[in-house]
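What follows is a short report on a single structure.
Model, not experiment: these values are computed from the prediction. All ligand and atom numbering here is 1-based and tracks the order in the structure.
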Amino acid sequence: MDDCIFCKIVKGEVPSFKVYEDDRVYAFADINPISEGHTLIIPKAHAENLGEISDEDLVAIHRVSKKMYHAMQKTLGAGGIALVQANGRAVNQVVMHYHLHLIPRKDSQPRLAATQWDLVPGDMDTIKAVSAKIAAALGH
Ligand code: AMP
Ligand code: ZN
């Protein structure tokens, strides 16, 4: 896509701090890191979100995320690594080219808001009804 910043990064038209590349996948440092080592993994082929990305690219990205997990643990001494991936503006997707955030955190750092919420028991009838709706859409 001509006006997509991440497509431009893949083509080398916008600079990036490359961490990894293969025929399907490109990974680079997030320039607004929320912790040291914050990295983005993207497909080279433009796809806006999880609904659009090919299965092959999705698998390739997650294989790379595992390599990256080990590399980050080895080099950064991360106490935990969050994988965050937003689809749509309602969940704050800002760049509309699929990207998987890898966010390493040290034990000494405050917990990431995205991975911490209060456990408030839901209404079981509602949970059951909504789960059944999703299951039906999946054909189960
Ligand atoms: P989001 O769409 O909310 O999942 O996040 C988009 C992410 O892309 C943000 O964390 C930005 O800091 C990051 N970002 C945007 N432009 C660039 C760029 N040119 N190089 C590296 N990271 C970027
Ligand atoms: Zn793109």
Side-chain angles (χ1 to χ4, degrees):
M1 274 253 292
D2 287 349
D3 59 348
C4 171
I5 179 94
F6 285 0
C7 283
K8 286 182 180 168
I9 284 177
V10 169
K11 286 187 265 178
E13 294 169 7
V14 167
S16 66
F17 297 104
K18 181 167 92 174
V19 174
Y20 176 89
E21 180 175 16
D22 63 29
D23 54 342
R24 287 187 178 274
V25 172
Y26 191 85
F28 57 104
D30 194 306
I31 52 168
N32 303 290
I34 55 175
S35 42
E36 188 179 274
H38 183 171
T39 301
L40 302 173
I41 311 179
I42 66 172
K44 287 185 167 176
H46 181 87
E48 183 166 312
N49 55 37
L50 187 58
E52 277 189 10
I53 191 171
S54 71
D55 288 356
E56 292 77 11
D57 282 353
L58 191 61
V59 168
I61 283 172
H62 279 272
R63 282 186 193 278
V64 173
S65 75
K66 188 170 176 180
K67 288 184 205 287
M68 205 84 87
Y69 171 90
H70 290 302
M72 285 175 166
Q73 287 222 310
K74 209 157 94 183
T75 53
L76 303 174
I81 299 171
L83 272 63
V84 176
Q85 196 271 310
N87 299 281
R89 300 196 195 281
V91 289
N92 287 331
Q93 182 180 6
V94 174
V95 177
M96 305 315 272
H97 178 131
Y98 183 101
H99 51 281
L100 181 64
H101 294 260
L102 271 83
I103 305 169
R105 301 286 277 193
K106 295 195 165 49
D107 284 328
S108 56
Q109 289 180 291
R111 297 294 173 257
L112 267 187
T115 61
Q116 189 175 45
W117 55 84
D118 292 335
L119 295 181
V120 179
D123 176 75
M124 294 304 148
D125 290 338
T126 306
I127 293 171
K128 186 178 174 186
V130 174
S131 304
K133 242 196 246 183
I134 300 168
L138 287 165
H140 281 271

Going by the order shown, which atoms of ligand 1 are within less than 4.0 Å of some heavy atom of [X]?
| X | answer |
| --- | --- |
| I9 | 18 (C), 19 (N), 20 (N) |
| V94 | 1 (P), 2 (O), 3 (O) |
| N32 | 11 (C), 12 (O) |
| H99 | 1 (P), 2 (O), 4 (O), 5 (O), 6 (C) |

Please find out if less than 6.0 Å separates the ring center of H97 from that of H99.
no
Going by heavy atoms, is [X] under 4.0 Å from ligand 1?
| X | value |
| --- | --- |
| P15 | no |
| L40 | yes |
| H101 | yes |
| F28 | yes |

How open is the angle at the Zn ion (ligand 2) from atom SG of C7 over to atom SG of C4, rounded to 10 degrees?
120°
Side chains of residues 70-77: which donor-acceptor partners sit under 3.5 Å, not counting sequence neighbours?
from : atom 1 : to  : atom 2 : distance (Å)
T75  : OG1    : A71 : O      : 2.7

State whether a side-chain donor-acceptor pair under 3.5 Å links T39 with Y20.
no
Closest protein heavy atom (residue, atom, distance) for [atom]:
| atom | answer |
| --- | --- |
| atom 20 (N) of ligand 1 | I31 CG1, 3.6 Å |
| atom 3 (O) of ligand 1 | N92 O, 2.7 Å |
| atom 13 (C) of ligand 1 | D30 OD2, 3.4 Å |

In H97, the N/O/S atom nearest the Zn ion (ligand 2) carries the name ND1
Checking one value in my table: which N/O/S atom of H46 lies closest to the Zn ion (ligand 2)?
ND1
Quick check: is [Y] connected to [X] through a chain of hydrophobic side chains (ILVMFWY, heavy atoms under 4.5 Å apart)?
| X | Y | answer |
| --- | --- | --- |
| L102 | I34 | no |
| V10 | I61 | no |
| V19 | I41 | yes |

What part of A29, side chain, backbone, both or neither, has a heavy atom within less than 4.0 angstrom of ligand 1?
backbone
Quick check: F6 and ligand 1, any N/O pair under 3.5 Å apart?
no
For Q109 and P104, which heavy atoms make the closest approach, and how far apart are they?
OE1-O, 4.2 Å
